Q: 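I have a structure here, written as structure tokens, and I will follow up with some questions on it.
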Amino acid sequence: MSSAPANTPHHVAIIMDGNGRWAQQRGLPRIEGHRRGVETVRAIIDAARELGIHTLTLYAFSAENWKRPPDEVGALMGLLEYFLKKETATLIKNQIRLRTIGRTHELPPGVRAELERTVAATAHFTGSTLVLALNYGARTEVIDAARAYAAAVAAGKEKLNDDSWATFSRYLYTSDLSDPDLVIRTSGETRVSNFLLMQAAYAEFVFTPVLWPDFTRADLAAAVTAYAQRERRFGQTSAQINPASTPR
Ligand code: FPP
């Protein structure tokens with residue numbers, strides 16, 4: 001981890017898109033694309049660790065994905081359960097902590113049970129974190145945070161006139177996570193799709209045409225290299241960020 005280059009993104013978040021098209025291009029049912037997508041998930045968790053990325057967030061199921069055909073939703077839930085059953089040992093071996101963001105209490109009981117088991121078994125690891133966004137939507141996250149914040153104000157634990165982001169952001173699902181530095185979306189789509197809208201306020205974005213089942217370690221490394229060449233200014237000027245390079 002510590003041997004990663006200084007400008008390696010600490011937190012990379014990925015919108016894994018294109019499973020359906022990957023399958024359709026091969027005349028296969030969409031679920032085959034998701035199955036291949038799970039293989040990519042496993043490879044990319046490994047690759048992220050090797051590249052020195054501390055936190056990897058994967059958009060695995062959005063709050064809007066329930067609108068898909070029931071058999072596809074069922075298959076995705078089955079794949080999640082299968083992934084958790086199969087991968088827990090590897091996560092433990094590689095000392096990766098699993099976290100979730102989203103309304104996970106609305107997931108099927110089988111998936112919830114596997115999630116709870118894996119989260120508990122990996123909770124003590126501090127080296128890397130895998131975050132699965134499950135039944136996640138940024139708008140529902142803001143609603144949940146606003147509700148929790150209002151309850152805290154009513155209980156006298158927060159002050160209504162405290163307008164600091166540092167305070168409010170403690171009520172987001174990501175309260176114990178750093179903001180993503182780099183957000184990647186595969187499959188050529190250039191949308192954010194209700195993903196980490198608050199946390200990605202200053203993130204760099206990389207959009208790649210590669211469909212998720214074809215996304216490789218080399219593609220992740222290329223996105224990390226592109227990130228490393230960007231200048232992040234957080235609202236400041238280039239000269240403020242790099243005083244040494246200011247023309248006299
Ligand atoms: C988008 O492709 C992908 C999803 C909605 C689900 C992503 C899920 C996986 C990769 C597998 C399960 C995840 C884990 C962590 C085990 P799409 O179906 O929208 O593709 P399309 O736009 O080409 O139709």
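Just so you know, ligand 1 is whichever comes first in the structure, and atom 1 is the first atom listed for that ligand. Computed from a prediction, not measured in an experiment: that's the story for all the values here.
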Q: Out of curiosity, is Arg35 lining ligand 1, as in a heavy atom under 4.0 Å away?
A: no
Q: Among Val41, Thr40, Ile45, Ile14, which one has a heavy atom closest to atom 14 (C) of ligand 1?
A: Val41
Q: Which option out of Ala23, Gly33, Ala60 puts a heavy atom nearest to atom 8 (C) of ligand 1?
A: Ala60
Q: Are any of the N/O atoms in Val38 less than 3.5 Å from those in ligand 1?
A: no
Q: Could you tell me if any non-hydrogen atom of Gly18 lies under 4.0 Å from any atom of ligand 1?
A: yes
Q: Could you list the residues that satisfy side-chain contact (heavy atoms from CB on, under 4.5 Å) with Gln229, not counting sequence neighbours?
A: Thr225
Q: How does Trp22 reach ligand 1, by side chain, by backbone, by both or by neither, if only non-hydrogen atoms under 4.0 Å count?
A: neither
Q: Tell me the protein heavy atom at minimum distance from atom 19 (O) of ligand 1, and give that distance in Å.
A: Arg68 NH2, 2.7 Å
Q: Tell me if a side-chain donor or acceptor on Asp181 pairs with a main-chain N or O of His10 at a distance below 3.5 Å.
A: yes
Q: Check each heavy atom of Glu39 against ligand 1 and say whether those closer than 4.0 Å belong to the side chain, the backbone, both or neither.
A: neither
Q: Should we count CZ of Arg26 as having more than 12 external heavy atoms under 6.0 Å?
A: yes
Q: Please work out, at 4.0 Å between heavy atoms, whether the side chain, the backbone, both, or neither of Arg30 comes within that distance of ligand 1.
A: side chain
Q: Centroid separation under 6.0 Å, is that true for the rings of Phe168 and Tyr149?
A: yes
Q: Which residues satisfy the ring-ring contact (aromatic ring centres under 6.0 Å, His included) test with Trp212, sequence neighbours excluded?
A: Phe215
Q: Students should be able to answer this: which protein heavy-atom is nearest to atom 3 (C) of ligand 1, and at what distance?
A: Met16 O, 3.1 Å
Q: Could you identify the single nearest non-hydrogen protein atom to atom 10 (C) of ligand 1 and state the distance to 0.1 Å?
A: Asn19 ND2, 3.4 Å
